[in-house]
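This report refers to the structure that appears directly beneath it.
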There are 2 protein chains.
Amino acid sequence: MSVMRIAELSERAGVPIPTIKYYLREGLLPRGEATGRNQASYGAEHLSRLRLVRALTTVGGLSVATVRTVLDEVGGPGVGLHSQLGLVMRRLPLVGADIEPQDRDRERARELVARHGWFFYPDHPALEALAVVLAGHREAGHPVSDADLDRYAGAVEAFAEIDLDRLDGLPEGEDVLEGAVVKTVLGDTLITVLRRLAQIDESAQRNLGEDERRARREMREG
Amino acid sequence: MSVMRIAELSERAGVPIPTIKYYLREGLLPRGEATGRNQASYGAEHLSRLRLVRALTTVGGLSVATVRTVLDEVGGPGVGLHSQLGLVMRRLPLVGADIEPQDRDRERARELVARHGWFFYPDHPALEALAVVLAGHREAGHPVSDADLDRYAGAVEAFAEIDLDRLDGLPEGEDVLEGAVVKTVLGDTLITVLRRLAQIDESAQRNLGEDERRARREMREG
DNA sequence: CCGTACTGGATAGCACTGGTATCCATAAGG
DNA sequence: CCTTATGGATACCAGTGCTATCCAGTACGG
């Protein structure tokens, strides 16, 4: 049951055999245990790893190359959870640059972090990414005001607290790091989707007439 | 100064001429005003449109095809801001599916919306997207609990409020819709980046010794 | 008013990503 | 023992986002 060959692995994960072979080639999935010149057996860990890879690429939007480097790092040596987590997080792409921020954008990024008293590493890619995003808004003709930025920053602190609580809640074991990656990467998508749903509600509350809302509420409850 | 040919447009937007021609072909950028059989002039609106397209693709991560359909919709007829905004938002991709959620995932998605009293459209893609994200977490071996989901949902309401405030703050004019798109699309990236920065802070607070934090604080202030 | 440079526009090609398809010698299994 | 499946290597393929080439026609410095 927990030992299988490639056909069953494919069947159970819902991933075609050629794709599995591709992931093996690319090192996203460890090779099965060789039981002969051309025979290998895969276990439950291969199945879960395969599902993990799929979730990270399809839902999380990570590229195959990113998944490889991130999971390599996760399985790496490790000199303490906090620092290892930091290393892994640096691997996650934030923006597909191609926009060069101005000094002012970088300055605003640093100022924001300072205003909120956030701990930071001066050379962290997230800081540069923030500058890029600010530049993007500006270039798009819709700059972000410091006031809006501060409101977002305040709201985002709630997320970070939830995120870390979730991490602390994980059973002290081997895959805390993997959990952190999944919760961060898929969490980005989750937050995006939830934000859209909340926008719909907020927009409806502000723009629809009361009777229209009531009708819809009744329709839902009825 | 505000009338130019392609070379100047390219220069000022920092986008190569062949790329501009490509965007023209793909309909992301309207053709310039023809002044002869093979001569056209571009204005300030082309420049800003070009920068907008670039920001949406590079920072927002939208595909060229998505940018086209979204901007087409923005420039379309329109029967009231609220409903038109709704139409545009439906065009924005949320997840690159490929994972089929189970009924239970869809059920949890609906329950979440109900628990929070959110207004919703039963067939809205965001609802299905939420189910997909829940399925992704589950398949990745790290399911999201309802408790965590509720915490996220609560936090996300703050975003929606900020988002709508920002929209209301826009000058009642032609590009409210464009503003909504930019603020939503680039806002996703902005929130992702801010979340990462806040995570770093929260993680440091929980995992670094007090003296290490103080040293770093002094380094920053000094 | 002429030669060179540049234009808009069309068509073809290219690098990269994420797979598929094919082939092969070998093992499994009824 | 003969069909089928396997692991592994190599080749191929479709989609995306450009980039290069070509062309007839215009601009413009000298």
Practice prompt. Go through C:dT7, D:dT6, C:dT20 for me and flag the one nearest to the A:Gln39 side chain.
Written response: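 Comparing C:dT7, D:dT6, C:dT20 against the side chain of A:Gln39, the answer is D:dT6.
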Item to complete: Identify which nucleotide among D:dC18, D:dG7, C:dT7 has an atom closest to any side-chain atom of B:Arg5, counting heavy atoms from C-beta outward.
Response: C:dT7
Quick one: is [N] close enough that its OP1 or OP2 comes under 4.0 Å of any side-chain N or O from [X]?
X: A:Tyr22; N: C:dT17; value: no
X: A:Arg37; N: C:dT26; value: no
X: B:Tyr23; N: D:dG17; value: no
X: B:Thr19; N: D:dG17; value: no

Discussion item. Applying the side-chain contact (heavy atoms from CB on, under 4.5 Å) criterion to A:Val53, which one of A:Thr19, A:Ile20, A:Val15, A:Leu28 satisfies it?
Written reply: A:Leu28
With a 3.5 Å cut-off and just heavy-atom distances, do the side chain of [X] and the base of [N] make a donor-acceptor pair?
X: B:Arg25; N: D:dT19; value: yes
X: A:Arg31; N: D:dT6; value: no
X: B:Asn38; N: D:dG25; value: yes

Worksheet item: At under 4.0 Å between heavy atoms, what does A:Arg68 touch on the DNA or RNA strands: base, sugar-phosphate, or nothing?
Response: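 Counting heavy atoms under 4.0 Å across all strands, no contact is made by A:Arg68.
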Discussion item. Just to be sure I understand the rule, does A:Thr57 reach a base, reach only the sugar-phosphate, or reach nothing, if contact means heavy atoms closer than 4.0 Å?
Written reply: nothing
Worksheet item: Is a side-chain N or O of A:Asp188 found less than 3.5 angstrom from the main chain of B:Thr192, in a donor-acceptor match?
Response: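 Judged by distance alone, no pair lies under 3.5 Å.
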Quick one: [X] [atom1] to [N] [atom2], roughly how many Å, whole number?
X: A:Ile20; N: C:dA21; atom1: CD1; atom2: P; result: 14 Å
X: A:Lys21; N: C:dA21; atom1: NZ; atom2: P; result: 12 Å
X: B:Leu9; N: C:dT7; atom1: CG; atom2: C1'; result: 13 Å
X: A:His46; N: D:dG7; atom1: NE2; atom2: P; result: 11 Å
X: B:Glu8; N: C:dA5; atom1: CD; atom2: P; result: 21 Å
X: A:Glu26; N: C:dG18; atom1: CD; atom2: P; result: 9 Å
X: A:Glu33; N: D:dG7; atom1: CD; atom2: P; result: 13 Å
X: B:Ile6; N: C:dA10; atom1: CD1; atom2: P; result: 12 Å

Fill in: salt_bridge(B:Arg106, B:Glu111) N-O dist < 4.0 Å
no
Worksheet item: Any Lys/Arg nitrogen of A:Arg196 or B:Asp163 sitting under 4.0 Å from an Asp/Glu carboxylate oxygen of the other?
Response: no
Worksheet item: Parallel, tilted or perpendicular: which fits the ring planes of A:Tyr152 and B:Phe159, with parallel below 30° and perpendicular above 60°?
Response: tilted
Worksheet item: So which one's nearest nucleotide on DNA chain C is more toward 5', B:Ile17 or A:Pro16?
Response: B:Ile17
Worksheet item: If you find the nucleotide of DNA chain D closest to B:Leu62 and the one closest to A:Ala34, which residue's nucleotide is nearer the 5' end?
Response: A:Ala34
Item to complete: Find which nucleotide of DNA chain D each of B:Gly36 and B:Ser63 is nearest to by heavy atoms, and output the residue with the more 5' nucleotide.
Response: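 It is B:Ser63 whose nearest nucleotide is closer to the 5' end.
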Worksheet item: Taking everything shown except A:Glu26 itself, do over 12 heavy atoms lie less than 6.0 Å from its CD?
Response: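 Yes - once you tally the heavy atoms of other residues, nucleotides and ligands closer than 6.0 Å, there are more than 12.
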